[in-house]
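The next block holds one structure in the form of structure tokens; read it before the comments.
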Amino acid sequence: MLRLYNTLTGSKEPFEPLVPGKVRMYVCGVTVYDYCHIGHARSALVFDVLRRYLEYSGFVVEFAKNFTDVDDKIIKRANEQGVSCEHVTTTYINAYYEDMEKLGVRRATLEPRATEHIADIVTLVDTLLAKGMAYRVDGDVYFQVDRYPVYGRLSKRNVDDLQAGARVDVDERKRHPMDFALWKGSKPGEPSWDSPWGPGRPGWHIECSAMAMRHLGETFDIHGGGMDLIFPHHENEIAQSCGATGKEFARYWVHNGFVQINQEKMSKSLGNFFTIREIFQKSEWPDTVTGEMLRYFLLTTHYRSPLDFSDQSLKEAKNALNGFYDLFERLNESAPVHSAGDQPMQEVMVRTREAFVAAMDDDLNTPNALAALQMLRGETNKALEAGLSSEVRRMVRQEFRALGIVLGLLQTDTWRFKTQRQQPSSGGAGASTDTLSDEDIADKLAARLAAKRSKNYPLADQLRAELASHGITIEDRPDGTSRWKR
RNA sequence: GGCGCCGUACCCAAGUGGCUAAGGGAGCAGUCUGCAAAACUGCGAUGCGGCGGUUCGAACCCGCCCGGCGCCUCCA
């Protein structure tokens, strides 16, 4: 059974959905005013894997991930560029889809946008006003924190600590410094919607409450997002949602750790962030390979730990992945009907699956899950030395595929990862600009095979060197023929 | 000031009270190979930031210290 670390209780808890067999999950998506960076990739990936694993475990998953498409930063960006807010949000929503597709992040089953839920938001704010948990100031509406006595239970803070530590200028109109905006009266030129309190737009937190309740109900199972959302965003969501309904909002709160650069948080203010598309552009590998490298890398660390991004770690992920694809290529080759290594593999596959499931059940321990796959790789290689039948080869490959899909890995068929990109856009002077076609390679391999048969090894080595200069590596099979990879 | 996290081999990274401290990457040696690649085998922390303490027993629990980081403000 899956155990998940719940931020609300501070411990790993057995996961049981409210409705048996069905999981309702809401994850805070992105504010669409800029391209996504690796931190966004990690968050998206973590919840993508959680969703995949829940489905693997037999649950039907209703997964909502929102787009925040009305916000100060969007307005600012639109003004800077002299375009409409719609233009900004459309641009970056499309970019988001492109980036996520390259990462193999599946789309959520529901992808609500704040601007499509203004009516729900207005209703929710109205409820809070009617219950005396919110108050109006000019055209704004604020949530009154001291009307929700357990405020701070998610982030383990108490209101007094927050007050003492507050470093921001406090809006004098608020009754309490921690009160937060549910509805903001709009200034001229800003997007606005009519409301009982005059034209305005929703505050940041209210949209998630309104959309989650609309699509998943007043109480649902899992609410996720980055660590930084614990306070104030999720804390405020809890206050306003529970305040309005009197019921629990989300039952399990799941938060992923940050991506860092040189031990420091990646952030725009430090200027040390990498966008997802930047990484794909700089990569010397095709998008499918780069996507899998990135995915593998992001899963080598447990989701709640900080993770340091670097070119080297990405390269290590690539090398680790090579071992799997080298193996798959060999599994693909024809073999006898019965072989000596067949028998032990059945048991190994069972053990692998048990280890994999145990790892994932333990709060999504993907590093251990990957270790299970590595164990299967090693055992398969050993069995291959003894000989494996075609049937068992097929079964083993299928096992890698079945477990790999939970992590979104090991689904590709080609060992050589298709065609190498000609030149990274970061382009060093020494980068090779020419690429050999598959036909050229086949010709040279044939010539080399002929040379080997006639024991003309100097020529054979010369042909190998030529291919090597184009980044092609050759592996000779025992029968004298060869396979190759880029 | 408040709340919280981290420090495990050359690098990355599991493990959080009890078999020989997972796994990957890199490295070295060997087997195989015309050479290579891949694979396989072996080597690699008597020790888990430091010092105390609890315990029959601690990387794991407690205390102090050192070092690094996060949140408290928009932020995945």
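Every chain is numbered from 1 and lettered A, B, ... according to where its sequence line falls, protein lines coming before strand lines.
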Round to the nearest Å and state the distance from [X] atom [atom1] to [N] atom [atom2].
X	N	atom1	atom2	value
A:L299	B:rG24	CG	C1'	14 Å
A:D228	B:rC5	CG	C1'	14 Å
A:L376	B:rG23	CG	P	15 Å
A:Y151	B:rC72	OH	P	12 Å
A:H40	B:rA76	NE2	C1'	5 Å
A:D326	B:rC40	CG	C1'	14 Å
A:K73	B:rA76	NZ	C1'	12 Å
A:F231	B:rA76	CZ	P	17 Å

Between [M] and [N], how far apart are the [atom1] atoms? Round to whole Å, please.
N	M	atom1	answer
B:rC51	B:rC40	P	39 Å
B:rG47	B:rA9	C1'	10 Å
B:rG68	B:rA58	C1'	24 Å
B:rG15	B:rC60	C1'	9 Å
B:rA21	B:rU8	C1'	8 Å
B:rA59	B:rU16	P	13 Å
B:rG57	B:rA14	C1'	23 Å

Check your understanding: Of A:K382 and A:F258, whose closest RNA chain B nucleotide lies nearer the 5' terminus?
Key ->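 Closest to the 5' end, via its nearest nucleotide, is A:K382.
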**Study point:** Earlier contact from the 5' end, RNA chain B, for A:E316 and A:D71
**Key:**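 Its nucleotide being nearer the 5' end, the pick is A:E316.
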Look at all strands and tell whether [X] reaches a base, only sugar-phosphate, or nothing, counting heavy atoms closer than 4.0 Å.
X	answer
A:R448	base
A:H233	nothing
A:I474	base
A:G29	sugar-phosphate
A:R42	nothing
A:N381	sugar-phosphate
A:K265	base
A:V46	nothing
A:T301	sugar-phosphate
A:M227	nothing
A:G39	base

Using a 6.0 Å distance limit plus a 45 degree cone around the ring axis, check whether [X] lies over the aromatic ring of [Y].
X	Y	result
A:R157	A:F231	yes
A:R175	A:Y142	no
A:K265	A:F258	yes

Point to revise | Trace of the salt bridge (Lys or Arg N to Asp or Glu O under 4.0 Å) decision for A:E13 with A:R3 | key: CA-CA 5 Å; A:E13 300 177 341; A:R3 290 164 60 83; over 6 Å; no
According to a strict under-4.0 Å criterion, is [X] in side-chain N/O contact with OP1 or OP2 of [N]?
X	N	value
A:N319	B:rA26	yes
A:N365	B:rG15	yes
A:R304	B:rC6	no
A:K315	B:rC12	no

Check your understanding: Going by heavy atoms in the side chains, are A:L2 and A:L54 under 4.5 Å from each other?
Key ->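 In contact.
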Relative to the ring of [Y], is the ring of [X] parallel (under 30°), tilted (30 to 60°) or perpendicular (over 60°)?
X	Y	value
A:F274	A:F309	tilted
A:W253	A:H223	parallel
A:H233	A:H205	tilted
A:H37	A:F273	tilted

Practice item. Grab the two heavy atoms, one from A:M100 and one from A:C36, that are nearest each other, plus how far apart they are. Key: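 Taking A:M100 first and A:C36 second, the nearest heavy atoms are CE-SG, 4.5 Å.
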Review point. Do side-chain atoms of A:E237 reach the backbone of A:C208 as a donor and acceptor pair under 3.5 angstrom?
Key: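 Not at all, since once roles are kept as given, no pair shorter than 3.5 Å links the two residues.
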Check your understanding: From the list B:rC11, B:rA13, B:rA39, which nucleotide is the closest neighbour of the side chain of A:Q312?
Key ->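 Closest nucleotide among those given: B:rC11.
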**Study point:** Contact list for RNA chain B against residues 353-360 of chain A - heavy-atom distance below 4.0 Å
**Key:**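 Under 4.0 Å from RNA chain B: no residue of residues 353-360 of chain A.
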**Study point:** Stems involving RNA chain B, each a run of at least 3 consecutive Watson-Crick or G-U pairs under 3.5 Å
**Key:**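 The stems are B:1-7 with B:66-72, B:10-12 with B:23-25, B:27-31 with B:39-43, B:49-53 with B:61-65.
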**Study point:** Aromatic centroids of A:F67 and A:Y96 separated by under 6.0 Å
**Key:**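 Yes, ring centres under 6.0 Å apart.
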